[in-house]
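Worksheet: one structure, shown below.
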Amino acid sequence: MFYGWYIVGGVFTTQFFIVGFMTYCFGLFVLPLQEEFGASRSDVNLAMTAVTLGGLVLSPLCGWLVDRYSTRWLMSAGAIIFAGGLYAMASSQQIIHFIVLFGVSVSLGNLLLGPLTGST
C-alpha cells in the first residue's frame with residue numbers, strides 16, 4: 001500500500017477528534033459547565049469566542065512554524081498541548097480560567113493538529 005494513505009488516515013483521525021471536540025461536542029458541555037461554575041450560558045460560550053480569537057492570533061505563528069519545522073514534530077507538540085490543556089481545564093476553579101485555557105490550548109491544538117499541518 002502507498003505510504004501516503006497512512007498519512008491521510010492519520011490526518012483524518014486527528015482532524016476527526018480535534019474538530020469534533022472543538023466544534024460539535026462543545027454544546028454537550030455547556031450545561032455541566034454552567035452548573036459547575038455557576039456561570040451564565042453566555043459566559044460558558046465565551047470559550048468558543050476565545051478559541052476563535054486564539055486561532056486568529058496564533059495562525060500566523062503556526063504558519064511560520066510549519067514552514068520551518070517538521071510537521072510530525074508540530075503535530076506531536078499539538079497533541080501534547082491539547083492533552084495538557086484538557087488536563088488543566090479539568091482542574092480550573094473559575095470560569096475565566098476555563099475560558100483562557102480552552103482558548104489557548106484548543107485553538108493551538110486545532111492549528112497544530114488540524115488542517116494547517118494536515119494539508120502540509
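Worth saying up front: this structure is predicted, and the values here are computed from it rather than measured. Residue indices begin at 1 and follow the sequence shown.
- Under the 4.5 Å side-chain heavy-atom criterion for grouping Ile, Leu, Val, Met, Phe, Trp and Tyr, M1 is not connected to F12 through any hydrophobic cluster.
- Under the 4.5 Å side-chain heavy-atom criterion for ILVMFWY residues, a single connected hydrophobic cluster contains both V11 and V8.
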Report, one line per pair, each donor and acceptor closer than 3.5 Å where one atom sits in a side chain of residues 98-110; sequence neighbours left out.
from	atom 1	to	atom 2	distance (Å)
S105	OG	L101	O	2.6
S107	OG	G103	O	2.4
S107	OG	V104	O	3.3

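- Going from atom CG of L113 over to atom OG1 of T71 covers 11.5 Å, rounded to the nearest 0.5 Å.
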Side-chain atoms of residues 74-95: list all donor-acceptor pairs with protein atoms under 3.5 Å, sequence neighbours left out, distances to 0.1 Å.
from	atom 1	to	atom 2	distance (Å)
S76	OG	R72	O	2.9
S91	OG	A88	O	3.1
S92	OG	M89	O	2.7
Q93	NE2	S91	O	3.4

Enumerate, atom names and distances included, each donor-acceptor pair closer than 3.5 Å involving a side-chain atom of residues 45-58, sequence neighbours excluded.
from	atom 1	to	atom 2	distance (Å)
N45	ND2	R41	O	3.2
T52	OG1	M48	O	3.0

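- Other members of the cluster containing F16 are F17, with ILVMFWY side chains joined at under 4.5 Å, either directly or via other members.
- In this structure, the side-chain hydrogen bond (donor to acceptor under 3.5 Å, both in side chains) partners of S40, at least two apart in sequence or on a different chain, are S42, D43.
- A heavy-atom distance below 4.5 Å is not found between the side chains of I7 and F2.
- For the ring-ring contact (aromatic ring centres under 6.0 Å, His included) condition, no pair includes a residue of residues 32-52, sequence neighbours left out.
- L28 and V30 are assigned to two separate hydrophobic clusters, defined by single-linkage of ILVMFWY side chains at heavy-atom distances under 4.5 Å.
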